[in-house]
Amino acid sequence: MNVLSSNVGYPRIGENREWKAFLESYWRGELDQETFLSKMDELHLQHVKKQKDAGIDLVPIGDFTFYDHVLDTAFMFGLVPKRFHSSHEQQTLDTYFQMARGSKDAVACEMTKWFNTNYHYIVPELNDVIPTLVENRPLRLYKQVQNHLQIDGKPVLLGPISFVKLSKGYEYRDFNSIVKQFVPLYAQILSELEAAGVQWVQLDEPVLVTDITEDEIALFHDVYEEFHQSAPNLNLLLQTYFERVEHYQSVVSLPVQAIGLDFVNDQGENLKAIQKYGFPPEKILAAGVIDGRNIWRMDLEQTVNLLDELTSHISNENLIVQPSCSLLHVPVTVKSETFMNDSLKEALSFADEKLQELVLLTKGIQFGKEVIKKEISKNKKILKLFNESSARQNTNVSQEMAYIESISVERKAPFRERQNVQQQTFQLPLFPTTTIGSFPQTSDVRLQRAKWRKGEISQEDYSQFIKNKINDWIKIQEEIGLDVFVHGEFERTDMVEFFGEKLGGFEVTKAGWVQSYGSRCVKPPIIYGDVYFQTPMTVKETTYAQSLTNKPVKGMLTGPITILNWSFVRHDLPRHSVANQIALALQKEVKTLEQNGIRMIQVDEPALREGLPLKKEDWESYLNAAVYAFKIATTSVENDTQIHTHMCYSNFEDIIEAIQNLDADVISIESSRSHGELITSFEQCTYENEIGLGVYDIHSPRVPKINEMTQSIERAVHVLPKELIWVNPDCGLKTRGIDETIEALKVMVKAAKKMRSRFVVHNEQ
Ligand code: GLN
Ligand code: ZN
């Protein structure tokens, strides 16, 4: 029997993001439904064919989507929340999009992060809906591919236990019974697939790598036993990814034909488990050996050796070679990077290149290392050249890092002392008002930037344009009456890409797009070398803004952990070392700002929380490293320089200790949650530095009433000393319109004043 190659999932977006274009044209009403559907079908088939032509044996079917695969699963089971029901119509394609994007009458379903990735899925709502099988979607797609391309694909489904785990709208005590509602539906899908002659089905159960309980594992056994009974001749591949599996022995004994394990992001533990406990001889191991989360060309020899090691425990014919997870998380092809320098380009591997690597590896395992000898030596040469390049072996950086790591990274004085000095310096009123950094990036900003990038306007004209914007908004902030100003971030496209373009060791790709949610794609910069500070990055705009006003203007930087988490990171160094290099470069920016008279500096860390490892036992070391990097960046300043940070999530209780340890003078944080929850979160944990709990939600164009904002400040006053409280929106205002922004901020300033006056009156009584 042959060693099979398999793919776990393929990017949906197309080489030129055509997928995004089709979707958005359809949404705008420029494509009629029929044309839209046929274009999408064409793209789907093209992706399947591409994978087959590359030589992949098991090509995934059904991972392609019009929005998100979790939403597809919910929709397939008729889980359409009541607010999207129209009285006489069937659920249509438009219902599907309304669930994802909202309609004028119904708010969209919640969206949240897919495990520890930057992909977001639509959270299914299970409240009071009994699932039914509306359509056997995998079967339809399987047949479609078979008819058009004569290819027998491998249908992919999100497994029931992960699906229910990722859903909301039920009490955990009902978990088992809810999963069981889905079991007959899955069983029907599987038996119909079996009847249609399908050979392989991949059932994704990524929850198997999270902290799941013995009881949940027992549920897995029940559920998968039923699947096995319903489709005894179908090869079920139970797929895990993103980490080492919990309860290895139980997992590999599940009644399925094959188990997919991640051998890249498992910290070596999946291999160790196989070495220690063996692997059931009657089962097939789908070995995820090519990194589906990163963009580096694999070390061919090392990967062959890993597979060799695996085949000392598993016979060759029981091996499938595959990526560690869906290739959804990497861009489509390196071919589009026409301007990149060759040594970097050669070291990269996006989805299409990974397929080639996969096929090559499979050949090497099937016929022996000898047959891929030439490729191994070529691969070695490429990687050697790249690894030894001065970009990756920067002695200045390593010397400075060694020094930093040997000294303490504490502020010169503890917070209480700094707070006194800062109060004298800034003389801010009670409940000082400020914003998070960005102001509306209206179409004129995007247009001028595009022109400048194309060379249609000069650097000088572009800089002048930015200056004018800053000027306008300093005036606006004066009018509004804010206490602490920002310059508005008009020169930035994206808070990470902006720094990626300016720091050494980074490359920004031309077309390295990855789906973030729905049609929205991001283009993470690549950290390929040692990171270093080249020239001041934010000083010009910040000092210009400061020159226009007597109010303090906050310098605005993206923090080391957020830059790390939103980039593709080199993998020859530990992540925390890369974070420290970024932090050191940012420290230089912070110092330069300080030397240029900027006395408040905000270092944003919105991605700190989402970088948390999937397993709780790994949290501490991640958080310690994150705190350390943040402190390298921020602690070198004088006591009367005020360090701010910003994070936009409200569930911070479980990491509050780390947030406290950042020792920022001021943090602004989202707090869109209900009264009760906010109070309990502060009853349970203490936060001692200054804090702004976002007083309004910037994700909506609605201008809140003054009472809503005063109530929000009051809530904070109940649980925190009033001297610590700042007043600000809950995130940057980049996506908002100008008028609504000004109006909302005026209300915010009024609310702060109202609260202030209340306390002054109080004191005089
Ligand atoms: N300073 C950034 C802004 O205002 C922060 C963005 C964020 O939190 N994601 O846009
Ligand atoms: Zn934010």
Side-chain angles (χ1 to χ4, degrees), residues 111-113 118 120 433-442 445-446 449 466 469-470 473 476-477 482 484-500 516-517 520 522 524-525 537-538 541-542 545 553-567 586 589-590 593 598 600-611 626 630 633-634 642-652 655 659 662 664 666-673 691-700 726-738 740-741 744-745 748:
M111 185 171 71
T112 196
K113 293 226 155 223
N118 286 331
H120 301 70
T433 54
T434 189
T435 61
I436 305 302
S438 58
F439 282 128
Q441 290 241 339
T442 38
V445 180
R446 290 197 298 272
R449 186 181 304 121
I466 299 289
K469 277 275 161 192
I470 295 175
W473 277 90
I476 294 173
Q477 292 175 86
L482 290 157
V484 170
F485 289 9
V486 295
H487 77 280
E489 300 181 29
F490 300 104
E491 74 288 9
R492 307 182 189 180
T493 25
D494 172 278
M495 64 189 293
V496 171
E497 189 176 57
F498 176 79
F499 290 94
S516 169
Y517 65 88
R520 175 78 82 105
V522 293
M537 300 173 278
T538 64
E541 289 82 8
T542 320
V553 173
K554 287 190 281 190
M556 199 55 63
L557 308 176
T558 304
I561 300 302
T562 297
I563 294 184
L564 186 81
N565 286 346
W566 289 349
S567 299
L586 292 172
E589 183 73 11
V590 166
L593 283 167
I598 303 302
M600 287 190 184
I601 299 166
Q602 180 172 313
V603 179
D604 291 329
E605 285 290 20
L608 189 139
R609 189 174 207 294
E610 69 183 48
F630 184 87
T634 55
Q642 192 170 63
I643 295 292
H644 290 233
T645 188
H646 163 71
M647 296 171 189
C648 25
Y649 31 81
S650 46
N651 47 342
F652 47 84
I655 59 164
I659 294 180
L662 296 176
V666 185
I667 185 170
S668 56
I669 203 153
E670 181 183 307
S671 72
S672 55
R673 292 183 314 166
I691 183 164
L693 299 164
V695 298
Y696 76 90
D697 174 12
I698 61 95
H699 301 94
S700 150
W726 283 63
V727 173
N728 47 259
D730 68 354
C731 195
L733 296 158
K734 191 172 169 174
T735 55
R736 292 271 60 89
I738 295 180
E740 74 215 29
T741 297
L745 290 176
M748 187 183 87

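These figures come from a predicted structure and were not determined experimentally. Counting starts at 1 for both ligands and their atoms, following the listed order.
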> Have a look at ligand 1 and work out which part of H646, if any, has a heavy atom under 4.0 Å from it: side chain, backbone, both or neither.
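The part of H646 near ligand 1 is the side chain, not the backbone.
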> Atom 1 (N) of ligand 1: which protein heavy atom is closest, and how many Å away?
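For this ligand atom, the closest protein heavy atom is D604 OD2, 2.6 Å.
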> Are any of the side-chain heavy atoms of L608 and F630 separated by less than 4.5 Å?
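They are not in contact (no side-chain heavy atoms under 4.5 Å apart), so the answer is no.
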> How close does the nearest protein non-hydrogen atom get to atom 3 (C) of ligand 1, and which residue and atom is it?
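Ranking protein heavy atoms by distance from atom 3 (C) of ligand 1, first comes S438 OG, 3.3 Å.
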> Give me the ring orientation class for F490 and W473: parallel if the planes are under 30° apart, tilted from 30 to 60°, perpendicular past 60°.
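Rings of F490 and W473: tilted, as their planes differ by 30° to 60°.
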> Is any N or O atom of C648, backbone or side chain, closer than 3.5 Å to an N or O atom of ligand 1?
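Checking ligand 1 against C648, no N or O pair falls under 3.5 Å apart.
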> What's the shortest distance from atom 6 (C) of ligand 1 to any protein heavy atom, and which residue and atom give it?
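The protein heavy atom lying closest is M495 SD, 3.5 Å.
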> Is the closest heavy-atom distance from E489 to ligand 1 below 4.0 Å?
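Yes.
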> With a 4.5 Å limit on heavy-atom distance, are the side chains of L662 and M647 in contact?
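L662 reaches M647 side chain to side chain.
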> Could you check whether any side-chain N or O of R736 sits under 3.5 Å from a backbone N or O of I698, counting only pairs where one atom can act as donor and the other as acceptor?
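Yes, because the side chain of R736 sits within donor-acceptor range (under 3.5 Å) of the backbone of I698.
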> In degrees, rounded to 10 degrees, what angle do H646 atom NE2 and C731 atom SG make at the Zn ion (ligand 2)?
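Roughly 130°, rounded to 10°.
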> Which atoms of ligand 1 sit under 4.0 Å from any heavy atom of M556?
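Those atoms are 1 (N).
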> Are the side chains of E670 and D697 in contact, using a 4.5 Å heavy-atom criterion?
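D697 does not reach E670 side chain to side chain.
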> Check ligand 1 against G732 and write out every atom of the ligand that is under 4.0 Å from a heavy-atom position of the residue.
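Close to G732: 3 (C), 4 (O), 10 (O).
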> For G437, is there any backbone N or O sitting under 3.5 Å from a side-chain donor or acceptor partner on K734?
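A pair under 3.5 Å: no.
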> Test T435 against every option in L745, V484, T741 by the side-chain contact (heavy atoms from CB on, under 4.5 Å) rule and name the one that passes.
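Exactly one candidate clears the test, L745.
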